[in-house]
Structure formats: C-alpha cells, structure tokens
K.L.:
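My questions will all concern the structure given below.
Letters A, B, ... mirror the listed sequences (proteins, then strands); counts begin at 1.
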Amino acid sequence: MNSHSDKRVRTIDRVNASLAERYARERRFRTAGLAAVSLGLLFVSFLFISIVGNGYTAFHQTKIALEVFFDPQQLDPDGRHDYDALTRADYGGLVKASMRNSFPAVKTRQEKRALYAMVSSGAAFELQHMVLADPSLIGTTQAVWLTADDDIDMLVKGHIDRSVPESERRVDDRTLAWVERLEQEGALKRRFNTAFFTNGDSREPELAGIAGAVMGSCYVLLVTLLLAFPIAVATAVYLEEFAPRNRWTDLIEVNINNLAAVPSIVFGLLGLAVFINFFGLPRSAALVGGLVLTLMTLPTIIIASRAALKSVPPSIREAALGVGASQQQTIFHHVLPLALPGMLTGTIIGMAQALGETAPLLMIGMVAFIVDIPGGALDPATVLPVQIFLWADSPERAFVERTSGAIMVLLFFLVTMNALAVVLRKRFERRW
Amino acid sequence: MNIKTVSAAVVLTFSGAVSAASRDYISIVGSSTVYPFSTVVAETFGKTTGFKTPKIESTGSGGGFKLFCAGVGIEHPDITNASRAIKSSEVESCAKNGVTEIVEVKIGYDGIVVANAKQAEQLALSRKDIFMALAKDVPDPNGGEKLVANPYKSWQEVNSTLPATKIEVLGPPPTSGTRDAFVELAMEGGCQAFDFIKAMKKTDGRMYQGVCHTIREDGAFIEAGENDNLIVQKLEANPAALGIFGFSFLDQNSDKVQGAKIDGIEPTFEAIADGTYPISRPLFFYVKRAHLGKVPGIEAFLAEFTSEKAWGEEGYLVDKGMIPMPPAERERFAANVKMLYSLEK
C-alpha cells in the first residue's frame with residue numbers, strides 16, 4: 001500500500017512544487033500592472049506640471065501706475081458730457097501725455113515711440129471705459145493702473161532674460177532702464193488678469209481673453225445637448241424596447257457602433273456638405289458647430305443609453321405589465337426613470353468629448369479669428385480648443401503662457417463635467 | 001403636441017438661418033502667412049470704427065482662393081489673403097462662378113529664414129548649398145550631367161567651408177505656403193546654378209519642376225508641422241539642427257535663434273525690404289468688388305489696411321513683423337485701392 005502510494009506522484013506534491021513559480025508569476029503580473037499605472041500617472045503629472053508651470057503666470061498681468069490728468073480741453077471741450085463726443089475723444093493722447101510727464105527726460109521722437117510702446121494699445125480703451133462710466137472724472141488727476149505691453153509683461157515675469165546682451169533681447173537697454181526705474185518706484189505691479197476672462201480674442205497678448213471662446217463653446221454645447229439628448233434617448237428606447245429583431249435592426253445597430261468609431265473630421269466634411277452647402281447655414285456659426293458635434297456624439301449617447309436600458313432588470317417590466325400597464329406606460333413610468341442616470345452619464349461624457357473637439361470644426365470655418373464675443377448661435381464663433389490652437393501658433397512669446405492658461409481652463413471644464421458624471425452615477429444609479 | 005413642438009422648433013431654426021441672409025461683418029479667408037497681419041488690421045478696424053470686427057479664417061492661400069471663387073453672395077467670403085499672386089487658373093475658376101471683378105492689393109513682404117540656435121555658430125549658405133543639401137536628387141558629385149539620389153550626410157560634404165555637422169533641417173509640411181515659397185525661391189534658385197538643369201526648363205518643364213521642387217525624404221529634412229513656435233523650441237534643444245520659418249518668428253525670438261546668411265545677405269528687416277535678401281515673397285489680399293455696398297465696412301477696412309499707420313514704415317503691421325513696400329509702391333497700391341481697379345483678365 002505504502003510502496004504503491006510512493007510510486008504515484010500525489011496531486012498535492014505537484015501543487016507544492018509549482019507553488020513558488022505560481023506565486024512568482026502573480027507577483028510579476030502585479031508589478032507589471034503597477035508599473036503601467038505609475039507610468040500613466042507619471043505622464044499625466046508631467047503634463048499637468050508642464051502646463052501649470054507654463055500657464056499659471058497667464059492669470060497675472062503687469063500693470064503700470066500712471067498719474068492721468070483727464071484734460072477737459074481734450075476730452076470734452078464744450079463741457080456737455082456728450083456721450084458720442086466722449087466716446088470719440090483721444091484717450092491715447094492722455095496716456096502719452098502722462099507717460100511724458102513720468103519721464104520728462106525723454107525728448108526725441110524715436111525715444112518717445114519706445115516710451116509709448118511700454119503701455120498696451122488697450123490702455124486708451126481702459127481710460128475710455130472709466131470716463132464713460134463716470135464723466136465726473138474729467139478735470140481731475142487720478143492714479144490709474146494701466147495694462148503694460150506684452151514685452152514689458154514678459155520682462156517682469158522673467159520670460160525675457162535681463163542678463164543677455166542687448167542685441168539678443170527683445171527689450172532694449174533704454175526700455176529696461178525705464179522698467180527698472182518704475183519697479184523701484186513701485187509703479188509696476190502684477191495684478192490679477194481680468195482681461196483674460198472678460199475679453200474676446202486679440203492679436204495683442206495682453207488684451208487677449210477666452211470669453212469669446214467660452215461663450216462659443218457654450219452655444220455649441222447647448223445646441224448639441226438640445227439635439228443629441230432627445231434624439232439619442234428616443235433612438236435607444238425604440239431600438240431596445242420596441243424594434244423587432246430582424247436584419248434591418250441588426251444593420252442599424254452595426255452602423256451605430258461603426259459611427260462611434262468614425263474619425264471626427266469626417267463629420268466636419270459631412271457638415272460642410274450638408275448644413276453649409278446644401279441648407280445654406282452661415283459658415284463659422286455655433287449652430288452649425290453644434291449640429292456637426294451632435295452627429296459626432298449621437299452614437300456615444302445611444303450606446304450608453306442602450307446599455308442603461310439593458311441593465312434595468314426584466315422583473316420590473318414584467319411586474320408593470322402584470323398589473324396591466326401598456327408597453328409604453330411600462331417604459332415611460334418604470335424603465336426610463338431607472339435608466340436615466342446611466343443615460344445622463346453617457347450624455348455628459350459625450351458632451352465632454354464634444355467640448356474638446358477641433359477637427360470637425362476646421363471644415364466648417366470655426367477655426368477663425370473672432371474678436372467680438374458671440375451673442376447667439378448664429379454669430380460667428382470659435383471654441384476653447386480652437387482658441388488654444390490659434391494661440392499656440394502665434395509668434396508673440398506672451399501667447400505661450402496664455403495657451404497654457406487656456407488649456408488649464410479647458411481642463412477645469414472637462415474635469416468638472418466628468419466629476420458631475422461620477423456624482424450622478426454614485427447618487428442615482430441603482431444596482432440589483 | 002410633441003410633434004408640433006418639434007416641427008415648430010425646426011421651422012424656427014431655419015427661419016433663423018434665413019434672417020442671417022444679410023451679413024453685417026466682413027468675412028476673410030486665406031493664407032496663414034497673412035493671417036497675423038490681417039487680424040491686427042481687423043482688430044484695430046473693429047475698435048476704431050462703428051463696424052463689427054471682421055471674421056478671419058486661416059485656410060492657406062489655395063484654400064482661400066477656392067472659397068473666394070465659389071461665387072458671389074453673402075455666403076461667400078469678401079476677401080481672401082494670399083502669400084502669392086493669384087494664378088490664371090484661379091482667375092478662370094472665379095470667372096466661371098461669376099466672380100469677375102477682383103481688386104488685387106499687395107500689402108508688403110515676408111522673408112523666409114533658415115535659422116539655428118544661438119549656441120551654434122551662424123551659417124553662411126548659398127541657395128546652391130540649400131538645394132544640394134535638401135533636394136531628393138542632385139547632380140552626380142563625380143561630375144557629368146547625371147542625377148543621383150542625394151548622397152550628402154553632412155554640411156561639409158555639400159560645401160567644404162561649412163561645418164561638419166549632420167544635415168538636419170526642420171521645416172513646414174507641403175500644405176504650408178511657407179514650404180511652397182521656400183521651394184520656389186531657395187531650392188529652385190539653387191537648382192539654377194546647374195546649367196544642364198536650367199536648360200531642362202525649356203526642354204522638359206515637368207522634369208525640371210520635379211528636380212528643383214522635390215525635397216529629400218530620407219530623414220534629413222524633418223516635417224515639423226505648421227507650428228513655427230515648435231520649430232524654434234526644437235532648435236533650442238538641438239543646436240545642430242536648422243529650421244525654416246517666417247521672418248516674424250526670428251524677429252520675436254532673436255534671443256534664441258539666429259538666421260543664416262543666404263548668398264552673403266543676413267536676413268534683416270532692411271535686406272528683405274529692399275529685396276536683396278533672396279528668399280522673400282510678396283503678400284497680397286484680393287477683394288470681391290461685387291460685395292462692396294452689400295457687406296458694410298469693406299471700403300473702410302481697405303482704407304485702414306492701406307493707411308500709413310498700418311502698412312507704413314512705422315505702422316503697426318511692421319511691429320508684427322511684416323516688411324513694408326517701398327513708398328512709391330505703397331502709393332501706387334493705395335491709389336489702386338481708392339479707384340478699385342480690378343485685375344485685367
């Protein structure tokens with residue numbers, strides 16, 4: 001008996017023999033997984049650090065303090081505070097006069113040009129706004145913080161190296177001396193950059209803002225949401241609950257799944273051909289952008305909505321039908337409310353995708369320089385990612401930090417939307 | 001009730017589209033090289049006049065002409081920017097769609113520079129060197145009138161006075177107007193240093209184009225995308241490499257990169273303005289006369305663009321890196337714009 005069992009290899013021995021190798025395999029697999037996750041985290045943190053490191057200075061803007069005398073002779077010679085006259089008055093002249101007063105030593109024409117260049121061309125409009133808001137300023141002298149030119153801004157922020165020889169610097173020694181004098185007097189400070197959040201696009205980096213692009217993105221997403229959500233939910237409900245199972249519905253299903261994988265530029269081409277060339281909608285309008293992105297996000301939302309409907313257990317349907325509800329009542333009173341959180345999650349993720357899209361908008365003329373903030377879905381508009389693309393391509397150095405600043409704002413919106421999706425799922429989703 | 005609401009919404013949407021059938025802003029398309037200048041003028045125009053700020057799309061010169069020539073009517077653009085003159089084929093396609101009266105406005109010049117990082121030494125290249133270093137096929141180094149695949153690996157092999165660094169040039173992709181101009185002005189200019197290739201122009205035009213305009217694809221020329229800022233960054237990181245981009249980027253980054261002398265001429269503002277720097281090109285925009293009076297503000301926009309404070313020697317376009325025309329040329333084009341002379345067919 002004994003000899004018999006010795007000859008045969010017992011299962012437990014084989015298990016014991018292979019145990020070490022199996023544990024090692026498991027450890028290797030875990031390490032590989034951990035390495036993959038950490039590598040991913042490393043890339044993400046590298047991305048975040050480089051963007052935030054480049055971009056946080058965009059939220060500050062250098063301002064120059066000037067004593068501005070609101071000369072009644074220049075602004076309002078007849079003293080009537082006439083709105084039109086006040087709008088058209090020469091505010092640039094006021095800025096120049098106060099710069100001359102701060103630097104009385106500057107005499108030659110060329111030096112004066114360099115001096116005036118230290119203040120942004122937008123400074124005149126800042127004074128105009130002040131006077132229009134409060135005409136009683138006329139005749140008084142005020143200490144005003146005016147926006148500095150982008151070169152001065154870059155110098156103060158340290159993006160232009162002061163130690164290199166003059167010929168290799170964008171700011172010459174003369175201007176540098178002026179800047180240093182202003183700094184010593186405390187007349188040069190970095191303030192919060194409100195223009196970045198309230199202005200539309202501009203070719204002057206110190207005046208450029210994201211308000212136009214954010215509004216454009218809002219209109220586009222609004223159109224997308226209003227069209228995509230009802231159409232997608234209706235499609236999902238029909239396909240999941242009512243449609244007969246046959247070749248036609250199979251074909252539709254395959255097509256929807258394929259559409260979700262179509263490169264987004266194709267939707268742009270479709271939008272150009274259908275909405276602009278055939279229906280004659282205006283180029284660059286947020287409405288057309290919204291229509292194109294609707295086509296792009298529809299498959300995503302349909303697929304998510306169908307999955308949500310599928311996850312509602314059949315017992316709910318059977319119970320409703322059992323107490324005499326019609327099929328429509330069953331779906332609208334019982335199934336749809338239970339599936340809605342899942343559908344909303346899919347919608348938000350689809351929307352977040354649409355928010356970050358540029359390629360299809362290229363074809364319909366939304367990659368454009370648009371200064372005026374759009375006031376409706378038919379005005380020419382651009383969107384946040386396109387704004388980032390346009391700034392990244394601009395030669396002025398100050399646009400580098402503004403590009404990163406705009407990326408931070410876009411990321412903020414995306415993270416908020418995805419967090420909202422997570423919260424919705426956590427709070428309302430029911431598991432059976 | 002639901003169907004009614006939906007159909008009402010659809011009707012509303014499309015009646016909205018119809019009401020947009022009068023446009024109150026100027027629509028501009030075209031070259032990405034002219035875009036930075038056109039946008040500055042548009043912004044100033046929007047701020048200083050009562051008109052809305054024009055909308056400017058950067059579509060490339062060719063794409064701009066395609067949109068511009070598609071027809072007359074407010075759904076088509078009013079102005080197209082171009083970094084080259086309009087071709088006769090484009091004039092024809094315009095005419096076919098009813099766009100017959102086109103006003104040509106030359107606005108200034110742009111130089112293309114071949115630059116490297118400040119840490120490296122400044123190069124002095126000839127257009128022949130550029131052709132020999134970057135063409136796909138070059139004349140046989142052993143002599144004779146035969147073309148062989150480009151064998152050169154270092155600049156020294158091309159020209160013994162140049163350093164022994166590897167040929168590594170970052171440049172724009174074929175879709176870019178900068179690439180077109182570079183190929184036409186630098187490569188073709190260098191190609192004409194060889195008599196037998198020059199002779200080919202008359203006997204076999206297509207072959208001549210192929211030889212002079214084809215850039216090597218063996219890795220020595222790297223397509224760096226349309227983003228010139230990226231090229232500047234890459235040059236900073238790699239002092240051995242050269243980059244090709246527009247003069248305004250050299251102007252903005254003179255602390256990081258330096259332009260090579262071409263045929264002995266430094267890429268400076270003055271040299272490009274007086275035409276001695278060999279790789280420079282004129283910039284244009286084209287206006288559809290039929291839209292004057294239909295879209296408000298076109299005349300005022302033209303006046304702003306052609307004013308001395310914009311395109312003059314001390315104008316704001318110069319601050320953005322454009323190279324102005326000589327005074328006589330500016331006067332001539334400003335007069336043309338005032339009279340709205342159309343292109344001769």
Side-chain angles (χ1 to χ4, degrees), chain A residues 87-88 109-110 113 117 121-122 124-125 151 160-161 164-165 167-170 200-204 207 223 226-227 230 275-277 279-285 287-288 291 362 365-372 376-382 389-397 399-400 403, chain B residues 6 9 13-14 16-21 23 25 27-29 32 35-44 46-48 52-59 67 70 73-77 118 225-230 232-233 245-246 248-256 258 314 316 319-321:
Chain A
T87 314
R88 271 185 278 111
R109 197 170 165 276
Q110 211 193 358
R113 260 180 75 85
S121 59
F125 297 98
D151 281 339
I160 293 179
D161 191 351
V164 298
S167 62
E168 297 176 8
R169 219 188 304 126
R170 259 192 76 73
D201 195 5
S202 171
R203 287 284 299 134
E204 303 299 329
L207 303 177
V223 172
L226 287 179
L227 289 171
F275 300 127
I276 294 180
N277 291 346
F279 285 117
L281 292 175
R283 258 181 94 81
S284 313
L287 176 68
V288 183
L291 287 169
L362 190 76
M366 289 188 80
V367 179
F369 176 74
I370 292 156
V371 173
D372 301 327
L378 283 167
D379 285 349
T382 186
F389 166 74
L390 288 174
W391 283 352
D393 215 16
S394 300
E396 289 82 6
R397 191 170 301 175
F399 273 123
V400 174
T403 307
Chain B
V6 170
T13 314
F14 282 95
V18 174
S19 75
R23 182 151 51 77
Y25 55 89
S27 166
I28 304 174
V29 294
S32 54
Y35 172 88
F37 310 127
S38 195
T39 45
V40 183
V41 177
E43 195 178 339
T44 317
K47 272 186 186 157
T48 52
K52 280 198 169 178
T53 311
K55 178 195 85 183
I56 304 172
E57 286 177 52
S58 154
T59 60
L67 289 165
I74 52 104
E75 67 271 31
H76 302 294
K118 264 261 131 92
E226 293 260 18
N227 191 330
D228 292 350
N229 271 330
L230 210 64
V232 173
Q233 281 173 23
F245 42 81
S248 53
F249 283 84
L250 178 68
D251 193 35
Q252 287 278 343
N253 295 292
S254 51
D255 56 338
K256 292 178 181 166
Q258 58 191 354
E314 295 200 329
Y316 55 76
D319 292 340
K320 287 283 168 196

K.L.:
Quick check: closest heavy atoms across A:Leu362 and A:Val367, and the distance to 0.1 Å?
P.N.:
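For A:Leu362 versus A:Val367, the nearest heavy atoms are CD1-CG2, 3.5 Å.
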K.L.:
Is it the backbone or the side chain of B:Tyr25 that comes under 4.5 Å from a heavy atom of chain A, or both, or neither?
P.N.:
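Contact with chain A involves the side chain of B:Tyr25 alone.
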K.L.:
For A:Leu390, is it the side chain, the backbone, both, or neither that has a heavy atom closer than 4.5 Å to a heavy atom of chain B?
P.N.:
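For A:Leu390, side-chain heavy atoms alone lie under 4.5 Å from chain B.
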K.L.:
Under 4.5 Å heavy-atom distance to chain A, tell me which part of B:Lys256 shows up: side chain, backbone, both or neither.
P.N.:
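Contact with chain A involves the side chain of B:Lys256 alone.
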K.L.:
For B:Pro77, is it the side chain, the backbone, both or neither that has a heavy atom under 4.5 Å from a heavy atom of chain A?
P.N.:
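Contact with chain A: none, neither part.
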K.L.:
Less than 4.5 Å to any heavy atom of chain B: does that hold for the side chain of A:Ser394, its backbone, both, or neither?
P.N.:
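A:Ser394 touches chain B through backbone heavy atoms alone.
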K.L.:
By a 4.5 Å heavy-atom criterion (distance strictly below it), what part of A:Phe399 contacts chain B: side chain, backbone, both, or neither?
P.N.:
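When you check distances to chain B, no heavy atom of A:Phe399 falls under 4.5 Å.
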K.L.:
Considering non-hydrogen atoms only, spot the tightest contact between A:Ser284 and B:Glu57 and give its length.
P.N.:
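Closest heavy-atom pair between A:Ser284 and B:Glu57: OG-OE2, 3.4 Å.
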K.L.:
What part of B:Leu67 is in contact with chain A, defined as an atom under 4.5 angstrom from a non-hydrogen atom: side chain, backbone, both or neither?
P.N.:
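Side chain of B:Leu67 only, per the 4.5 Å heavy-atom cut-off to chain A.
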K.L.:
Can you tell which part of A:Leu226 gets under 4.5 Å to a heavy atom of chain B, answering side chain, backbone, both or neither?
P.N.:
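Interface part for A:Leu226: neither.
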K.L.:
Quick one: are A:Asp161 and B:Asp255 in side-chain contact, heavy atoms under 4.5 Å?
P.N.:
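The answer is no, as the side chains (C-beta and beyond) never meet within the 4.5 Å cut-off.
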K.L.:
Examine whether an atom of B:Thr39 lies under 4.5 Å from a heavy atom of chain A, and if so say whether it belongs to the side chain, the backbone or both; otherwise answer neither.
P.N.:
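Both backbone and side chain.
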K.L.:
Please give me the minimum heavy-atom distance between A:Ser121 and A:Leu207, naming the atom from each residue.
P.N.:
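Closest approach of A:Ser121 to A:Leu207, heavy atoms only: OG-CD1, 4.2 Å.
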K.L.:
If the condition is side chain to side chain contact (heavy atoms under 4.5 Å, CB included), which residues does B:Val41 pass it with, not counting sequence neighbours?
P.N.:
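Per chain and number, B:Val41 pairs via side chain to side chain contact (heavy atoms under 4.5 Å, CB included) with B:Phe301, B:Glu304, B:Phe305, B:Tyr316, B:Leu317.
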K.L.:
So what's closer than 4.5 Å to chain A heavy atoms on B:Glu314: side chain, backbone, both or neither?
P.N.:
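Contact with chain A involves both backbone and side-chain atoms of B:Glu314.
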K.L.:
For B:Asn253, does its backbone N or O pair with a side-chain atom of A:Arg397 as donor and acceptor, under 3.5 Å?
P.N.:
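Not confirmed, A:Arg397 side chain does not pair with B:Asn253 backbone.
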